[in-house]
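All heavy atoms count here, side chains included; hydrogens, waters and symmetry mates do not.
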Amino acid sequence: MRQVLADCSASISELKKSPTALLNEAAGSPIAILNHNKPAAYLIPADTYEWMMEMLDDIELTKLVKERLKDKSQAIEVSLDDL
């Protein structure tokens, strides 16, 4: 059985009936949308989604920086005055 990764859950039928009431009831928390008692999707606030996308972007940039730091033969020396 798959784990439900939210404190609030609702069926797809409940979501169809009253999406606004469901969002209000969750008060900004993630909502697990269940299909036959298994998570089919997660509904999260737009602010949370935007924050997650920024975090993922930061993680990817960090990986890129770490890779580039390993290959110092490609490095170009620059003085702060030139910047």
Side-chain angles (χ1 to χ4, degrees):
M1 180 170 241
R2 289 176 55 188
Q3 183 180 7
V4 177
L5 301 173
D7 292 334
C8 184
S9 64
S11 68
I12 291 176
S13 301
E14 289 176 281
L15 179 63
K16 287 179 184 177
K17 281 183 200 172
S18 181
T20 306
L22 190 59
L23 290 170
N24 289 339
E25 186 178 320
S29 296
I31 304 167
I33 304 300
L34 307 177
N35 187 19
H36 300 290
N37 292 325
K38 294 179 184 172
Y42 287 93
L43 184 60
I44 59 172
D47 290 344
T48 302
Y49 181 78
E50 291 166 4
W51 175 81
M52 288 171 51
M53 292 295 100
E54 286 180 24
M55 293 300 295
L56 289 171
D57 192 38
D58 288 349
I59 290 168
E60 289 301 316
L61 288 173
T62 300
K63 286 180 185 177
L64 182 62
V65 167
K66 287 181 179 180
E67 283 179 27
R68 289 182 178 176
L69 283 173
K70 289 178 185 176
D71 188 11
K72 295 191 179 186
S73 66
Q74 300 277 332
I76 299 170
E77 194 170 317
V78 179
S79 74
L80 288 176
D81 294 331
D82 292 342
L83 296 175

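- Interatomic distance, Trp51 CH2 to Glu54 CD, rounded to the nearest 0.5 Å: 10.0 Å.
- Applying the side chain to side chain donor-acceptor pair (under 3.5 Å) rule to pairs touching residues 71-83 yields Asp71-Ser73, Ser79-Asp82, sequence neighbours excluded.
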Table please: side-chain donor-acceptor pairs of residues 60-68 below 3.5 Å, with sequence neighbours left out.
residue : atom : partner : partner atom : Å
Thr62   : OG1  : Asp58   : O            : 2.8

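- Heavy atoms from other residues, nucleotides or ligands lying under 6.0 Å from CG of Leu83 number more than 12.
- Leu56 and Tyr49 fall within a single hydrophobic cluster, where Ile, Leu, Val, Met, Phe, Trp and Tyr are joined by side-chain heavy atoms under 4.5 Å apart, directly or via other members.
- The 12-atom threshold is not exceeded at CG of Asp7, counting heavy atoms of other residues, nucleotides or ligands nearer than 6.0 Å.
- Criterion: ILVMFWY side-chain heavy atoms under 4.5 Å apart, direct or through other members. Under it, Leu69 and Ile76 are not part of a common hydrophobic cluster.
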Show me the donor-acceptor pairs within less than 3.5 Å that the side chains of residues 17-44 make with the rest of the protein, sequence neighbours left out.
residue : atom : partner : partner atom : Å
Asn24   : ND2  : Thr20   : O            : 3.4
Ser29   : OG   : Ala26   : O            : 3.4
Tyr42   : OH   : Leu5    : N            : 2.9

